Amino acid sequence: MTCASDFSILIQSGSYIGSIYSLKTHNMKKIFTLLALLTLLSSGVYAQNTDSLRVRYDYFSQYLSPEKLYLHIDRNIFTPGETIWFKGYLENKSYQSVMPTSNYVYVELLRDTVISRVLLKNSEEGFAGQMVLPDDIALGEYILRGYTNWNKNLPAEYMFYSKIHVVGSEGISVKDATKKKPDLKIDFYPESGRYFAGTMTTMAFKTNYSNLKGIIKNSKGEKVADFCTEHDGMGRFIFLPAEGERYYAEISSDVKNDNKYALPEPSGEGGMINIRYKDEEIIIHSFLLKGTALLILHNGSEIYYCESVSAGSNIVRVAEKGLAKGINHALLMSPEGEILAERLFFIYENDNVGIDLKLDKGQYKTRERVVVNTTLKDSTGQPVAGEFSVSVIDGNFKLFSQEESIDSYMLISSELKGKINDPGFYFNRLIPLKERKGAVDLLMMVQGWRYYDMENLYSHSPQVKYGKEYTQSISGSVEGFMGRRANGFSINLFAPESGLSYRKDFEGCDYYIDSLDFPDGVSFFLQANSRVGKKRFITNIENDIFAPRYTYNKLYSTPINSISEEETGRGSGIGKLNIFPIIDNDSIKSIQLSEAVVTASAYYRPRHNPSPYGQPFERTNVKVREELKKDDFKEIQDYIVQNYPGFFKMGDKILSRRSGSINQKLGQTASSHSEPVLYVDGTKWSTDQLIGMNVSDVETLIVLKGNDGVLYKSVWGVILISMRRGDSEIDKQEIKSNGIIIKPLGWQKPTRFYSPVYDTEELYNNPKPDYRTTLYWNPSIKTDRNGIATFEFYTSDYTNPFVIRIEGKTDDGRYFSGTVFSN
């Protein structure tokens, strides 16, 4: 297998590379879709031209490249009832992509289930939106996740996510900073996946200790190398492995360890790649044990070097200048498409964008106006035009700003698997560039190292199941009564609120209606009719397909309660992080209310009573249709588990936490839980029979706990459900017309962040307290041609400093971010 012969043009012509790089950009989270590239080799798309690797690569880059989404969040700590504000930045991974980015973005709040979900539509302010936390949301850690429909073609772990903390006003516990040291963990990574006896080798390692040192010994106990951590528990060492030898590491630091840790064994086949940086050049040294292979260099958008190499050593020099910023990829590929070695390397932006931010005063009083002037400049001091989002939060919460920034996420975190510790370090301009380059190269070897099962990848074709959404759509199927198959029908769709009217004929039994545009909350009347005669159909709608669930908490190595008081600046030792209540526009102090006397009956008999005994219930135990409809998109099992903490899911069943028991038998310990009692329309069911039912199917939901369930002979929970029926006017219309009323998820209507103004004496003296945590939020501020923009806000009743965080992108596609602390 050979490559197109014009690779030298790409290497020599910086203007050609630059002109391509100025185009749009597309992405996802894997460094590149090497999977899709290699599987394309075996697909039928360009099977007739197997010599042209670049043609197949470019096809994927132009038409199938993934998207990359970053959300700027105003902060990541909240109390129930507060609003999370966010702005989405979406782009293509490949700058060669000819496909526009999606027009819609989904944002979800996750825990065990989806708590809330909104759809953002691209507008003049980009993907700007917000999410109101339920007043009764349980305290704890949540995940805020964002993705497009196109992103669902990838594993869920590659989608944007950020941890969100929901806390009470009592504060957050802080662990003792002098906690017990953990057991040592250390992993070793040959630089490009393999290494060989008799060949000088660079071995990287990663440990859970930030400061560690030791020595490498052979099987005879002879020292062959020293090693120590360089950054964030990562390091590297160089040694010359001998034939037939095995090597291990001995730790000399004072940590709890097993003293000896074996290194991976040398390989007997394949190749290896070593990368060095010298005088603004990247020196790529490849070594092939036998045969021939292709040495390929690409950046996720294009192959800029591709040449055949023979057994032995080969050296290629590439100038850093002109290469695309971000992660690049060097690999050795066999003629059969097997990866023999691979190595990631990172290129920093040569022309960085700086934010010159100036406040109109040095210090501010309460309820005082703050004017902020911002100027964007490149590394030569020239102005740069762009757009940015900005959040201003109370300085008491500076530790709870978003960990990621747009540059660290787009260029590093989104393309590496797993959690990146302190990603902002690699873009902190206060740290010398040389130090950051060394640290990021370690990250490329340790966090970016992968080994592919190429035989498996090479034998599959790329699968694209979900398309890009440029308009909204409604789809589903129809069937005749008594289960008869429909074979041709017409669909009528009508939205009374917007005046939309649609009619189209379809063959078979499925329908798909696109080119729609509607906000959230719009009701549609959907009806299927035969094209001839009076044949009647049952109309079904396809439910939204959510991105798969993923256990994101496994990706976080530092829980919130491991923050020491030393980090908060409040002293040392065990104590509390003195977080004030975070209730917008409300008083920090509790108010003693006058005693109230309730005279109305506390019992309620629902119109559609699901109980087989027909008794009344306490009103607080009953959820009727009007209260349920905001969660119609959820599955009923998920809704119950989410809203009633005493229950949890295991497999297809709902179980009660109150019924837990532990049994020991034959030396084994097992736990068991019981199902709550479930009645649906007066008939006893098992909870696994709820699978496939949505909240939209439920008219009344009643949940009883403890002694309230004594009538049902259950103290571990009772669930009573009545299904929706055709006795309302809308339901009667549905039956009469053979149609259905639907409320699909629509895009979120724009909402402005409320920021009070105290520009008059009357407003300044308003007795209503102002204890905002987020002082100001603006999802879109555009600079003028000179890179200048101004915004303003008013301080609250706190006397604390404040934190300004800016995230944005220049008109020519460069990222910038910055954080400023007031005095």
Side-chain angles (χ1 to χ4, degrees), residues 70-79 82-89 125-126 128-132 144 162 164-165 354-376 386-406 424 569 579-586 588 751-759 763-764 769-783 788-809 816-823:
Y70 171 76
L71 293 181
H72 176 195
I73 308 167
D74 64 322
R75 50 191 158 100
N76 69 354
I77 187 167
F78 300 87
T79 55
E82 283 200 291
T83 300
I84 306 172
W85 298 88
F86 38 77
K87 162 70 176 285
Y89 293 87
E125 294 186 338
Q130 73 284 336
M131 182 179 290
V132 179
L144 190 73
S162 181
I164 297 295
H165 310 283
I355 306 172
D356 183 11
L357 189 149
K358 294 181 179 178
L359 305 178
D360 62 330
K361 292 181 63 176
Q363 290 186 325
Y364 297 90
K365 301 176 182 178
T366 60
R367 301 195 178 190
E368 187 172 7
R369 186 175 74 150
V370 180
V371 180
V372 185
N373 294 292
T374 59
T375 304
L376 303 182
E387 179 185 2
F388 60 87
S389 49
V390 59
S391 63
V392 183
I393 65 173
D394 185 276
N396 200 41
F397 300 87
K398 64 183 180 181
L399 291 178
F400 301 104
S401 294
Q402 192 172 353
E403 183 183 21
E404 285 279 8
S405 60
I406 187 171
I579 295 179
F580 295 109
I582 319 170
I583 303 174
D584 287 340
N585 308 313
D586 206 345
I588 186 175
T751 302
R752 288 286 179 185
F753 176 85
Y754 171 71
S755 184
V757 175
Y758 301 113
D759 57 355
L763 291 172
Y764 181 83
D770 178 2
Y771 292 109
R772 287 168 289 148
T773 300
T774 298
L775 304 180
Y776 179 74
W777 166 261
N778 193 326
S780 178
I781 297 178
K782 296 179 175 65
T783 72
I788 298 173
T790 301
F791 60 92
E792 61 181 58
F793 60 92
Y794 283 79
T795 59
S796 68
D797 287 346
Y798 286 130
T799 58
N800 305 322
F802 49 81
V803 181
I804 301 175
R805 180 185 175 98
I806 287 176
E807 305 266 20
K809 193 174 182 181
F816 58 90
S817 62
T819 302
V820 175
F821 301 89
S822 71
N823 295 323

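Scope of the values below: all heavy atoms of this structure, side chains included, with no hydrogens, waters or symmetry mates. Heads up: numbering here begins at 1 and tracks the sequence. Since the structure is predicted, the reported quantities are computational estimates derived from the model, not experimental observations.
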Which heavy-atom pair separates S405 from E807 by the least distance, and what is that distance?
-> CA-OE2, 3.4 Å

Taking all heavy atoms of N823 and all of P801, pick out the closest pair and write down the distance.
-> O-CB, 3.7 Å

Partners passing side chain to side chain contact (heavy atoms under 4.5 Å, CB included) against T819 (at least two apart in sequence or in another chain) | V803, R805, F821

Nearest atoms (heavy-atom pairs only) where R772 meets S755 | NH1-OG, 3.8 Å

Minimal heavy-atom distance between I781 and A789, with the atoms involved, is CG2-CB, 3.7 Å

Examine distances only and state if a side-chain atom of E404 and a backbone atom of G424 form a donor-acceptor pair shorter than 3.5 Å.
-> no

Within-4.5 Å side-chain heavy-atom neighbours: E387 and S780 | yes

T795 and K365 have their tightest heavy-atom pair at OG1-O, 2.7 Å

Would you give the length of the straight line joining atom CD1 of I788 to atom CG of N373, rounded to the nearest 0.5 angstrom?
-> 8.0 Å

Do the side chain of S162 and the main chain of L144 share a donor and acceptor less than 3.5 angstrom apart?
-> no

Kindly determine whether Q402 and R75 satisfy side-chain contact (heavy atoms from CB on, under 4.5 Å), including the steps that lead there.
-> CA-CA 6 Å; Q402 192 172 353; R75 50 191 158 100; over 6 Å; no

dist F388:CZ -> L376:CG (nearest 0.5 Å) comes out at 6.5 Å

Any side-chain heavy atom of V757 sitting closer than 4.5 Å to one from Y794?
-> yes

Please examine the side chains of I84 and I164, heavy atoms only from C-beta on, and report whether any two atoms are closer than 4.5 Å.
-> yes

Could you grab the distance from atom OG of S817 to atom OH of Y70, nearest 0.5 Å is fine?
-> 7.5 Å

Where the side chain of D356 meets the backbone of T375, is there a donor-acceptor pair that is under 3.5 Å apart?
-> no

Pick from F78, F753, Y754: which one makes a ring pair (Phe, Tyr, Trp, His ring centres under 6.0 Å) with W85?
-> F753

Does the side chain of T799 reach to within under 4.5 Å of the side chain of Y364, using non-hydrogen atoms?
-> no

With sequence neighbours excluded, tell me which residues meet side chain to side chain contact (heavy atoms under 4.5 Å, CB included) with D797.
-> R367, P769, D770, Y771

If you measure from the Lys or Arg side-chain nitrogens to the Asp or Glu carboxylate oxygens, is any gap between E125 and R752 under 4.0 Å?
-> yes

Tell me whether the guanidinium CZ or amine NZ of K87 lies under 6.0 angstrom from the six-membered ring centre of Y89 and within 45° of its axis.
-> yes

Any idea which heavy atoms bring H72 and W777 closest together, and the distance?
-> O-CH2, 3.5 Å

Could you go through the side-chain contact (heavy atoms from CB on, under 4.5 Å) check for E368 and Y758 one step at a time?
-> CA-CA 7 Å; E368 187 172 7; Y758 301 113; over 6 Å; no

Would you check if V132 and T83 make a side-chain contact, meaning some heavy-atom pair closer than 4.5 Å?
-> yes

Evaluation steps, side-chain contact (heavy atoms from CB on, under 4.5 Å), between H165 and N76 | CA-CA 6 Å; H165 310 283; N76 69 354; 4.2 Å; yes

Taking C-beta and beyond as the side chain, do L357 and L359 meet within less than 4.5 Å on heavy atoms?
-> yes

Rounded to the nearest 0.5 Å, what separation is found between the CD atom of E82 and the CD1 atom of I77?
-> 9.5 Å

Sub-4.5 Å side-chain heavy-atom contact between I804 and V390 = yes

Take atom NZ of K782 as the centre, draw a 6.0 Å sphere, and report whether it contains more than 12 heavy atoms from other residues, nucleotides or ligands.
-> yes

Would you say the side-chain atoms of D360 pair up with the backbone N or O of V371, donor to acceptor, closer than 3.5 Å?
-> yes

For F802, does its backbone N or O pair with a side-chain atom of S822 as donor and acceptor, under 3.5 Å?
-> yes

Is the backbone N or O of S796 less than 3.5 Å from a side-chain atom of T366, with the two atoms forming a donor-acceptor pair by type?
-> no

Would you mind telling me which of L399, D394, I393 makes a side-chain contact (heavy atoms from CB on, under 4.5 Å) with N396?
-> D394

T774 side chain to Y776 backbone, donor-acceptor under 3.5 Å = no

Note, T773 side chain near F397 side chain (heavy atom, < 4.5 Å) = yes

